[in-house]
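Since the structure comes first, as structure tokens, the remarks are kept for the end.
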Amino acid sequence: MAEADRRLLVWTLASFHVAGLTVGFVLPAYASGGLSDVLPEFGTVLGFLGYAYLWVLSFLATRWVLTDEVLEATLVGAVRPVILRGSAGGGLVGLATLLGPLLLLTIQDLLSGPSNPAGIALILAIGSGIATVVGLAFGLVFTLLDLTAVRIAGRAVPDGAGTEQTKTEATVKSPADSESVGERR
Amino acid sequence: MAEADRRLLVWTLASFHVAGLTVGFVLPAYASGGLSDVLPEFGTVLGFLGYAYLWVLSFLATRWVLTDEVLEATLVGAVRPVILRGSAGGGLVGLATLLGPLLLLTIQDLLSGPSNPAGIALILAIGSGIATVVGLAFGLVFTLLDLTAVRIAGRAVPDGAGTEQTKTEATVKSPADSESVGERR
Amino acid sequence: MAETLHVAVRTLHVLGMVVLLGGAGTVWYVARRDGRGGGSDTASSLATGYEWAFWGALGVMVVTGVGNLGALGAPGPETRWGTILLVKLALVAVFVLGSLVRTVAIARIDAEEGRPGPASVPFYRRAYGATTAALLVLVVLAEVLAHG
Amino acid sequence: MAETLHVAVRTLHVLGMVVLLGGAGTVWYVARRDGRGGGSDTASSLATGYEWAFWGALGVMVVTGVGNLGALGAPGPETRWGTILLVKLALVAVFVLGSLVRTVAIARIDAEEGRPGPASVPFYRRAYGATTAALLVLVVLAEVLAHG
């Protein structure tokens, strides 16, 4: 795939992960009746900042996952690399989602010297572990969703854009490709 | 001008006349404080039907005014034909605006035989006269607005689309013009 | 029934704005993009299509807007709400007049040049940029009126 | 201040929908028009631009939508309002998944064919027709929720 198309994929998948996560949380939370109590206390601006923070993390992780090699491998049908890397990316996002706000909230305490360093370190380690595992799970789920979308899209596109064909065409056409794409944008 | 462009102009001017008339009424009516009392009693559906009726009248009148000859003459700078015809069209619209609803409201009475034919005829004649004169005035105003727009547009368009140039170009290019326009739509 | 009608009127009002603003934004975006490349075919053909859609959607906007005003039982012109409405109506009047000039200019460009040259690209950019900006202001005013 | 913020959130929500629906409608319209003529360059280049805008606007829609929900103090899921919201949220979830497929397909078309051939026009027409239709349903549901 040309560079421009890879950038579109990274942008799309990163945005999809955050939007999908949000909708995937809001839907059952509202259906269970819990959301109506929690949401008003959350605050609009805080919600926006949280979403933006998650989006940046998701973008960085998606870009890290979707290297040229991983993308090429995925397009020829190898799912292992993208699943491994995607889960790892999810774990990193989970960890950063916990640590970022935590750091922001406790920065003053940390600078003035914590009262109980060992206890805090223990709690932090446990929290980080949980956040990473949760992130890993979500990373795996979203990687599988992405892969499914790629499969379905491959079938929806006309003239049977098969996987082998893609590989060879991408290799042969690459220079012409990026030229015309760049010209059009 | 090619046929496709004349059709766009008729569609645009007809729509503009009704929309402009409506906004031109609502703005001062609201500012004077009278609208808030009158409008709720008017009814949404009735308002829609009235607007549609006016639009049809405006479309027929605009199409009648904007013949090829009138349009050509206007583009080379002659304002008399379009002003005369535009005012006349306005008068017809005014007359039809009165008579259409009136006919609809009194059709039953008319069929069962009016109680006082002479009196009704007199009232109708006076009403028609007033409606026509009001329509004439509005027709004149809107024709002048249209002419102003054509003037300003002529200046806004690049490479000085002068009036003489337009005439000759329109004559020479006419076949090629309509072809390419048809192809693009 | 009256409820349903009111929701339908509001929906049409929003959809009309989608056509007006979405279309103007698209033509503006394409004219900006094409301006760098050179050609103006896409912008020109989109612009002509947009002008057709514009006057249809404008009619819908006017009639549903007035319908809304009636259904709401609008407060008087001396209130804060009324002042904003007057500003909005005045802007609508100016916008409609300006749009008339824009459409006539587009029809002229179409008529004079079989295929509009790159000379018209700056005009497209200015015209649709201004249209987009005016519509954005109208949306903000509409939202303030609806929920402010 | 909270008032102003709320109006801003609502305005952004409407503008996001203008981008999503206006853009999808435009690509659909152009793909239909081009399909008759033959070429698909315009549809293809518009589609790629739209996909970029789509995911930005979708993020705005999600975050302002949830913000709206919080600011409104939404009624519970067992009410009529809540049922409609659940239907809307479910449709949003399906729509987001479908849009992912659509964008990936567009990226594939762009990557495989230097200049997309007319073979892809039917796909554009179907994909953006479906997107437009789904968004129209979402607008109607949103209006019902806001004013019904």
Side-chain angles (χ1 to χ4, degrees), chain A residues 1-2 4-9 11-16 18-20 22-24 26-27 30-33 35-36 38-45 47-48 50-52 55 75 145-146 148-159 161 165-166 169-170 173 176-177 179-181 184-185, chain D residues 2 5-6 8-9 41 44-45 48-49 51-52 54-56 58-59 61-78 82 85-86 89-90 92-93 96-115 117 119-123 126-127:
Chain A
M1 286 211 167
D5 303 311
R6 201 178 69 88
R7 278 195 290 128
L8 175 58
L9 272 185
W11 163 259
T12 296
L13 292 176
S15 306
F16 163 67
V18 192
T22 308
V23 174
V26 167
L27 185 55
Y30 181 75
S32 72
L35 191 74
S36 303
V38 177
L39 203 56
E41 296 180 15
F42 202 59
T44 309
V45 175
F48 281 26
Y51 196 91
W55 191 90
L75 288 176
L145 277 177
D146 297 350
T148 312
V150 170
R151 280 290 145 80
I152 299 175
R155 270 189 220 141
V157 170
D159 70 64
Q165 190 196 0
T166 307
E169 282 210 356
K173 273 199 175 175
D177 236 354
E179 241 178 68
S180 66
V181 168
R184 264 183 292 135
R185 197 150 315 126
Chain D
L5 182 66
H6 192 196
V9 167
D41 274 13
S44 153
S45 91
T48 310
E51 296 304 335
W52 279 93
F54 178 91
W55 290 98
L58 186 79
M61 291 304 278
V62 168
V63 80
T64 53
V66 176
N68 241 332
L69 213 55
L72 281 173
E78 68 285 343
L85 179 63
L86 279 179
L89 285 173
V92 167
V96 169
L97 289 172
S99 292
L100 180 64
V101 173
R102 189 195 62 232
T103 307
V104 171
I106 295 295
R108 286 206 139 193
I109 292 178
D110 283 357
E112 280 164 26
E113 322 173 20
R115 283 191 161 259
S120 50
V121 169
F123 173 74
R126 262 184 291 125

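Residue numbers begin at 1 in each chain, while the letters A, B, ... track the order of the sequences.
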**Message:** Can a donor-acceptor pair be found, under 3.5 Å and without considering hydrogens, that links the side chain of D:Trp55 to the backbone of A:Trp11?
**Reply:**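 Not confirmed, D:Trp55 side chain does not pair with A:Trp11 backbone.
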**Prompt:** Could you give the distance from CG (D:Leu85) to CG (A:Leu27), rounded to the nearest 0.5 Å?
**Reply:**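 So the CG of D:Leu85 and the CG of A:Leu27 are separated by 8.5 Å.
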**Message:** Need one label for D:Val62: side chain, backbone, both or neither, based on atoms under 4.5 Å from any heavy atom in chain A.
**Reply:**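 Interface part for D:Val62: side chain.
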**Message:** So for D:Val9, is it side chain, backbone, both, or neither that comes closer than 4.5 Å to the heavy atoms of chain A?
**Reply:**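 Just the side chain, heavy atoms under 4.5 Å.
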**Item:** Side-chain touch D:His6/D:Asn68, heavy atoms, less than 4.5 angstrom
**Value:**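 Yes - at least one pair of side-chain heavy atoms lies under 4.5 Å apart.
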**Asked** Is the shortest heavy-atom distance from the side chain of A:Phe16 to the side chain of D:Leu58 under 4.5 Å?
**Response**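 Heavy-atom side-chain distance check fails, nothing below 4.5 Å.
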**Item:** Option in A:Asp146, A:Thr44, A:Val150, A:Thr12 with maximal non-hydrogen atom pairs under 4.5 Å from chain D
**Value:**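 If we count pairs closer than 4.5 Å to chain D, A:Thr12 comes out on top.
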